[in-house]
Trainee: 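I'd like to ask you about the structure that follows.
Indexing begins at 1, ligand by ligand and atom by atom, following the structure's order.
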Amino acid sequence: MKHSKELITNLKNIFEERFSGSPLFIFSPGRINLIGEHTDYNEGFVMPASIDKGIYIAFAKNAVNKLRAYSFDFKEYVEVSIDQLKPVNRDWANYVLGVVSEIQKIKSFSGGLDIVFGGTIPIGSGLSSSAALECGVGFAVNHLFDLGLSRIEIAKSGQLAEHNFVGVRCGIMDQFASIMGRSDQVIKLDCRSMDYSYFPSKFEDYQILLFNSKVKHSLAESSYNKRREECESVVKILQQKNTGIQSLRDVSLALLNSEKNMFSDLLYKRSSYVIEENDRVLKAGEMLKNKQYKEFGQLLFESHQGLSEKYEVSCPELDFLVANIKDNPSVIGARMMGGGFGGCTINLVERSKKESLIQEVSQTYKERFGITLEYYEVEIGEGTHIIN
Ligand code: GLA
């Protein structure tokens, strides 16, 4: 993977102007998700991968016991006492402060931290720049203060930062993918047991292509937490009669159907989507193993339909991007990706037809919404790591 030398140089210069000493550097990647959306917080399965776009962080200890952070992209600075971390009114700062605060709950250390960071992930594109930042900062703290945390512990601290500092009750997928990713591999993660395995991410004649709808999603303001609550309320209702159910992971479609009269149509739609999506991830794993790429792609279309019609986390722009290419023979699968309400679609497309497809989709998207489409051919790169 090629790192952005220009950004690293910028961060280095700013770091040296603002702080003293020469910093270390970390790259922490964003993620894509092939399939398994809104399943992580239901203790289900996901299939993400870390990408070559991410957050670069210049970092070093300081002797003033402060957490001092500068965001290159926002041109904003935050400085707080490291012993008194609490949420502030800027999301980017809350990712930073939040993860340090969560680490303080499990390991004690003394000393301050300076960071300057910037990213190559378009903000709001649904590629998890926030998880990348959290994992990068967590990794930096662990490294500098020699805390001995595992990568999974750092991922969990990032997830808790979202819960406690940002107010998004997210699952573990994004942070896990960012810090546990491997080059040219997708991860299959069981979000209940945290068992995981890797699959090769080369799809022979096909490749992954992302289309950015440019509709900015904001999970905190969106209905993300609402969806999670809806799933939890189905579980509560089912628990009245069925002991042993802890999450939607424990509910089969047959059970859900037999108890259908216990909840509203809306809750039925939500929970049946999650159960079906979990099933799709398991099938998807088998199909990837057998190199059945077309069948795999079909699952992506089904996933989108569920996300749009049953889970209702899509938007007209994402629906258009998927519907528009559904019958195109050079596309074998497409769906919205991530939390929803905007961001990117993920597409599995025939390598040799990519150029004409991009042109076609850009034109129709522009005609329909007046928006200039962006596309990304992401590479699957290494998870969070120090750059020498
Ligand atoms: C966001 C969350 C993840 C996951 C996805 C939907 O990216 O951070 O935990 O729930 O949405 O799959």
Side-chain angles (χ1 to χ4, degrees), residues 28-51 54 91 94-95 98-99 121-135 152 155-181 186-192 194 196 210 215-232 247-249 270 273-278 280-281 284 299-300 303-304 306-308 310-315 318 335-346:
S28 192
R31 63 102 188 89
I32 54 169
N33 184 26
L34 290 179
I35 193 159
E37 222 63 88
H38 289 273
T39 45
D40 58 354
Y41 54 82
N42 288 302
E43 297 191 325
F45 302 95
V46 292
M47 209 183 266
S50 49
I51 57 175
D91 272 353
N94 285 331
Y95 301 131
V99 73
I121 308 180
I123 290 161
S125 59
L127 300 176
S128 286
S129 52
S130 51
L133 178 57
E134 289 148 9
C135 290
I152 293 182
K156 286 185 175 164
S157 301
Q159 180 192 17
L160 290 173
E162 298 264 354
H163 291 196
N164 300 329
F165 270 62
V166 187
V168 178
R169 295 179 60 219
C170 68
I172 191 69
M173 171 171 75
D174 303 346
Q175 291 79 7
F176 192 95
S178 179
I179 207 160
M180 295 295 288
V186 296
I187 308 167
K188 187 180 141 208
L189 171 66
D190 177 338
C191 300
R192 166 174 274 175
M194 298 299 278
Y196 58 94
L210 306 181
V215 177
K216 292 241 183 335
H217 76 129
S218 167
L219 291 183
E221 285 157 25
S222 74
S223 309
Y224 186 90
N225 288 347
K226 183 89 200 305
R227 292 294 177 280
R228 185 165 179 163
E229 270 165 34
E230 287 163 354
C231 294
E232 286 165 354
S247 68
L248 285 181
R249 168 73 175 272
R270 301 291 193 255
Y273 159 76
V274 173
I275 295 166
E276 286 162 356
E277 181 77 350
N278 266 331
R280 279 190 283 269
V281 185
L299 293 175
L300 302 197
S303 170
H304 183 81
L307 285 160
S308 176
K310 290 183 155 188
Y311 217 63
E312 296 180 281
V313 289
S314 186
C315 63
L318 292 170
R335 61 177 201 85
M336 56 149 275
M337 189 179 71
F341 309 103
C344 291
T345 60
I346 179 165

Trainee: What are the atoms of ligand 1, with element, lying closer than 4.0 Å to any heavy atom of Asp174?
Mentor: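 Selected atoms, number and element: 1 (C), 2 (C), 3 (C), 7 (O), 8 (O).
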Trainee: Can you tell me how far apart SG (Cys170) and OH (Tyr224) are? Round to the nearest 0.5 Å.
Mentor: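 Taking SG in Cys170 and OH in Tyr224, the distance rounds to 5.5 Å.
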Trainee: Quick test of your reading of the model: are Arg270 and Glu312 salt-bridged, counting only N-O distances below 4.0 Å?
Mentor: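 Glu312 and Arg270: salt-bridged.
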Trainee: Using a strict 4.0 Å threshold on nitrogen-to-oxygen distance, state whether Glu232 and Arg169 make a salt bridge.
Mentor: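 The answer is yes: the pair qualifies as a salt bridge.
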Trainee: Go through the steps for Val99 and Ser157 under the test side-chain contact (heavy atoms from CB on, under 4.5 Å), then give the verdict.
Mentor: CA-CA 6 Å; Val99 73; Ser157 301; 4.0 Å; yes
Trainee: Tell me whether Glu229 is salt-bridged to Lys226, with the criterion being a basic N under 4.0 Å from an acidic carboxylate O.
Mentor: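 No.
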Trainee: Can you list the atoms of ligand 1 that are under 4.0 Å from a heavy atom of Gly338?
Mentor: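 Answer, ordered by atom number: 6 (C), 11 (O).
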Trainee: Please could you name the atoms of ligand 1 that Tyr41 approaches to less than 4.0 Å, counting only its heavy atoms?
Mentor: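 Selected atoms, number and element: 10 (O).
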Trainee: Check ligand 1 against Tyr224 and write out every atom of the ligand that is under 4.0 Å from a heavy-atom position of the residue.
Mentor: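 What qualifies from ligand 1 is 1 (C), 2 (C), 3 (C), 4 (C), 9 (O), 10 (O), 11 (O).
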Trainee: Against heavy atoms of Met173, which atoms of ligand 1 measure under 4.0 Å?
Mentor: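 The atoms of ligand 1 under 4.0 Å from a heavy atom of Met173 are 4 (C), 5 (C), 12 (O).
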Trainee: So, taking the atom named CG in Asn42 and the one named SG in Cys191, what distance separates them when rounded to the nearest 0.5 Å?
Mentor: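 Answer for the CG-SG pair, Asn42 versus Cys191, is 9.5 Å.
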Trainee: Between Glu37 and ligand 1, is there a nitrogen or oxygen pair with a distance under 3.5 Å?
Mentor: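 For ligand 1, there is an N or O atom that lies under 3.5 Å from one belonging to Glu37.
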Trainee: Near Gly171, which atoms of ligand 1 are under 4.0 Å from a heavy atom of that residue?
Mentor: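 Within the 4.0 Å cut-off of Gly171, ligand 1 contributes 9 (O).
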Trainee: Scan Leu318, Leu210, Ile35 and name whichever one has a side-chain contact (heavy atoms from CB on, under 4.5 Å) with Met337.
Mentor: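 Exactly one pass, corresponding to Leu210.
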Trainee: Going by the atom numbers of ligand 1, which of them fall below 4.0 Å from some non-hydrogen atom of Cys170?
Mentor: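 Those atoms are 2 (C), 8 (O), 9 (O).
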Trainee: Using a 4.0 Å heavy-atom cut-off, say whether Arg31 meets ligand 1 through its side chain, its backbone, both or neither.
Mentor: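 The answer is the side chain.
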Trainee: For atom 9 (O) of ligand 1, which candidate among Asn42, Asp40, Val168 provides the closest heavy atom?
Mentor: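 Nearest heavy atom to atom 9 (O) of ligand 1 lies in Asp40.
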Trainee: So how far is it from Glu37 CD to Arg335 CZ, rounded to the nearest 0.5 Å?
Mentor: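 Nearest 0.5 Å value for the CD-CZ distance: 4.0 Å.
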Trainee: Please determine if Ile172 has a nitrogen or oxygen closer than 3.5 Å to a nitrogen or oxygen of ligand 1.
Mentor: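 Ile172 vs ligand 1: no N/O contact under 3.5 Å.
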